Amino acid sequence: MSVLGAPGVLPAKVLIARSFGRAAPAYDALASLQGVSALALIERLPAGLHAEWVLDLGAGTGRGALALERALPRAQVVALDLAEGMLLEACKKGLKACVVGDAESLPLADGVFDLVFSNMAIQWCVSPVDVFRESFRVLKPGGQLFFTSFGSRTLMELREAWRAVDDDDHVNAFLSADDVHAAIETAGFLDSTVSSKLHQREYADVMTLMRELKGIGAHNQMGGRSYHLTGKDRFARMKAAYPLVGGPLDSRVCATFDIVTGVARRPSCEPR
Ligand SMILES: C[S@@+](CC[C@H](N)C(=O)[O-])C[C@H]1O[C@@H](n2cnc3c(N)ncnc32)[C@H](O)[C@@H]1O
């Protein structure tokens, strides 16, 4: 099953789904930050959480969904993703309930889930408010949302380096924690907390960073487009402008990842 040909699916989403789908076979080996973040988010779940139905939004290759199955052995975990290729990897890992779908328009019934979980996927959606509204809709009253997303300072060094070359948007404009918080409240959630933490990762050189972004399928959105598409000369100028960790003879670079973590609850009693 695929949603890519369905009426109303934006071309940008087709590109996102293709990009992540192609990256799927090598994704786990490259996406270590996402792996660590998924486990950290699971550790934040309340001890003794009783959940029958759990939805992993933007589940990718299913690592988070599998870890959720281990953490909540009585729960039925549903892995949903826009990219069929990602879910094929999830199926290979033994996940039984995999649904191709769009987090902004979920092909799921109202009020089914006790927990909606999402690790590092919401930032690829066009409208985070729609993702939160849809999460709210499919949660049972009293159900909880736990998510992480990239925040506004993600890849700030790369963004700055491109700014030295031109005024185009080479790196996605990710939402700040405050914007994410506002979107959650607009969707109707209660008791929400949103925080953000910076993680710095070191790479052997700019090309290694770019290869990682491409390898996890995020290159079109995160400024890692190949230099053939960007133009060799402009790419070289961006590389020259990227700050080096240890001075001019050292090719190592740092990249900042701003991880926004949010927790929210659908009210148990809602006004009629
Ligand atoms: C960086 S991966 C994260 C995957 C997984 N959650 C993890 O922790 O490794 C982002 C995932 O979000 C999916 N995605 C992007 N936009 C989506 C949308 N609108 N609806 C559902 N999934 C989406 C992508 O296909 C991709 O698998």
Side-chain angles (χ1 to χ4, degrees), residues 1-4 6 8-44 54-69 71 77-91 93 95 98-108 115-135 138 145-151 154-155 172 174-175 199 212-222 224 257-262:
M1 181 186 38
S2 167
V3 289
L4 297 185
V9 175
L10 297 171
K13 291 200 177 171
V14 175
L15 291 180
I16 289 175
R18 265 196 209 136
S19 192
F20 280 110
R22 283 191 191 127
Y27 177 85
D28 288 352
L30 288 166
S32 56
L33 181 67
Q34 285 78 354
V36 170
S37 159
L39 294 181
L41 190 59
I42 290 172
E43 276 173 18
R44 291 183 63 142
V54 174
L55 174 64
D56 185 0
L57 271 189
T61 57
R63 283 185 305 190
L66 275 181
L68 281 166
E69 282 190 345
V77 179
V78 176
L80 179 138
D81 202 282
L82 195 62
E84 204 175 350
M86 281 287 192
L87 290 179
L88 288 174
E89 296 299 317
C91 291
K93 291 191 176 94
L95 277 168
C98 295
V99 178
V100 181
D102 183 356
E104 293 173 74
S105 173
L106 290 171
L108 301 168
L115 172 68
V116 171
F117 176 95
S118 183
N119 182 52
M120 304 278 203
I122 291 171
Q123 71 273 0
W124 306 126
C125 297
V126 177
S127 164
V129 175
D130 286 347
V131 177
F132 295 133
R133 280 205 180 107
E134 281 293 87
S135 301
V138 300
L145 168 70
F146 277 71
F147 69 91
T148 60
S149 181
F150 281 132
T154 298
L155 293 174
N172 248 23
F174 299 112
L175 294 185
H199 296 256
E212 181 176 296
L213 297 179
K214 184 166 189 225
I216 62 169
H219 51 302
N220 288 324
Q221 299 78 30
M222 290 178 96
F257 293 89
D258 178 8
I259 300 189
V260 172
T261 303

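Whatever order the structure lists ligands and atoms in, that order sets their numbers, starting from 1. The first residue in the sequence is number 1, and the count goes up from there. What you see is a predicted model; the values in this text were computed from it and never measured.
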J.: Before giving the answer on side-chain contact (heavy atoms from CB on, under 4.5 Å), spell out for Arg133 and Val129 the whole-Å C-alpha distance, their side-chain angles and the decisive distance to 0.1 Å.
T.: CA-CA 6 Å; Arg133 280 205 180 107; Val129 175; 3.5 Å; yes
J.: Gln123: what forms a side chain to side chain donor-acceptor pair (under 3.5 Å) with it, not counting sequence neighbours?
T.: Ser149
J.: Report yes if Lys13 has an N/O atom closer than 3.5 Å to an N/O atom of ligand 1; otherwise report no.
T.: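 So ligand 1 has no N or O lying under 3.5 Å from an N or O of Lys13.
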J.: Decide yes or no on side-chain contact (heavy atoms from CB on, under 4.5 Å) for Val260 and Leu175, but give the supporting numbers first.
T.: CA-CA 9 Å; Val260 172; Leu175 294 185; over 6 Å; no
J.: Looking only at protein heavy atoms, which one is nearest to atom 15 (C) of ligand 1, and what is the separation?
T.: Trp124 CB, 3.6 Å
J.: Number the atoms of ligand 1 from 1 as they appear, then name those within less than 4.0 Å of a heavy atom of Asp102, with their elements.
T.: 18 (C), 19 (N), 20 (N)
J.: Which atom names give the shortest non-hydrogen contact between Ser135 and Val116, and what distance separates them?
T.: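 So the two residues come closest at OG-CG1, 4.0 Å.
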J.: Are any of the N/O atoms on Ala103, whether in the backbone or the side chain, positioned under 3.5 angstrom from an N/O atom of ligand 1?
T.: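 For ligand 1, there is an N or O atom that lies under 3.5 Å from one belonging to Ala103.
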J.: Between CZ of Phe132 and OG of Ser118, what distance do you get to the nearest 0.5 Å?
T.: 8.0 Å
J.: Number the atoms of ligand 1 from 1 as they appear, then name those within less than 4.0 Å of a heavy atom of Ala83, with their elements.
T.: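 Those atoms are 25 (O).
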J.: Is there a polar contact between ligand 1 and Met86, counting only N or O atoms under 3.5 Å apart?
T.: no
J.: Once you round to the nearest 0.5 Å, how far does CZ of Phe117 lie from CD1 of Ile42?
T.: 4.0 Å
J.: Identify, for atom 22 (N) of ligand 1, the protein heavy atom at the shortest distance, and state residue, atom and that distance.
T.: Leu82 N, 3.2 Å
J.: So which bit of Cys125 gets within less than 4.0 Å of ligand 1, heavy atoms only: side chain, backbone, both or neither?
T.: side chain
J.: Atoms of ligand 1 less than 4.0 Å from Gly101 heavy atoms?
T.: 20 (N), 21 (C)
J.: How far is atom 27 (O) of ligand 1 from its nearest protein heavy atom, and which residue and atom name does that atom have?
T.: Asp81 OD2, 2.7 Å
J.: For atom 2 (S) of ligand 1, what's the nearest protein heavy atom and its distance?
T.: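 That would be Tyr27 OH, 3.4 Å.
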J.: Report the distance from atom SG of Cys91 to atom CE of Met86, rounding to the nearest 0.5 Å.
T.: 13.5 Å
J.: Nearest 0.5 Å, what's the SG-CD distance between Cys125 and Glu104?
T.: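 It comes to 4.5 Å.
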J.: Does either side chain, that of Asn119 or that of Thr148, offer a donor lying less than 3.5 Å from an acceptor on the other one?
T.: yes
J.: Taking the inter-plane angle between the rings of Phe257 and Phe150 on a 0 to 90° scale, is it parallel (under 30°), tilted (30 to 60°) or perpendicular (over 60°)?
T.: tilted
J.: Which atoms from ligand 1 have a heavy atom of Ala59 less than 4.0 Å away?
T.: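 Going through ligand 1 atom by atom, the ones under 4.0 Å from Ala59 are 5 (C), 6 (N).
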J.: Give the atom numbers and elements of ligand 1 that come within less than 4.0 Å of a heavy atom of Met120.
T.: 1 (C), 2 (S), 3 (C), 10 (C)
J.: Report yes or no: does a heavy atom of Ser118 sit under 4.0 Å from some atom of ligand 1?
T.: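 No, that is not the case, since the closest heavy atom of the residue is not under 4.0 Å from the ligand.
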J.: So which protein heavy atom does atom 12 (O) of ligand 1 come closest to, and at what separation?
T.: Ala121 CB, 3.4 Å
J.: Return the closest protein heavy atom for atom 8 (O) of ligand 1 as residue, atom name and distance.
T.: Asn119 ND2, 2.7 Å
J.: Just to check, does Ile216 reach to within less than 4.0 Å of ligand 1 when the distance is taken from its heavy atoms?
T.: no
J.: Any atoms of ligand 1 less than 4.0 Å from a non-hydrogen atom of Arg63? List them with their elements.
T.: 9 (O)
J.: Kindly indicate whether the side chain of Tyr27, heavy atoms from C-beta on, has any atom under 4.5 Å from the side chain of Glu89.
T.: no
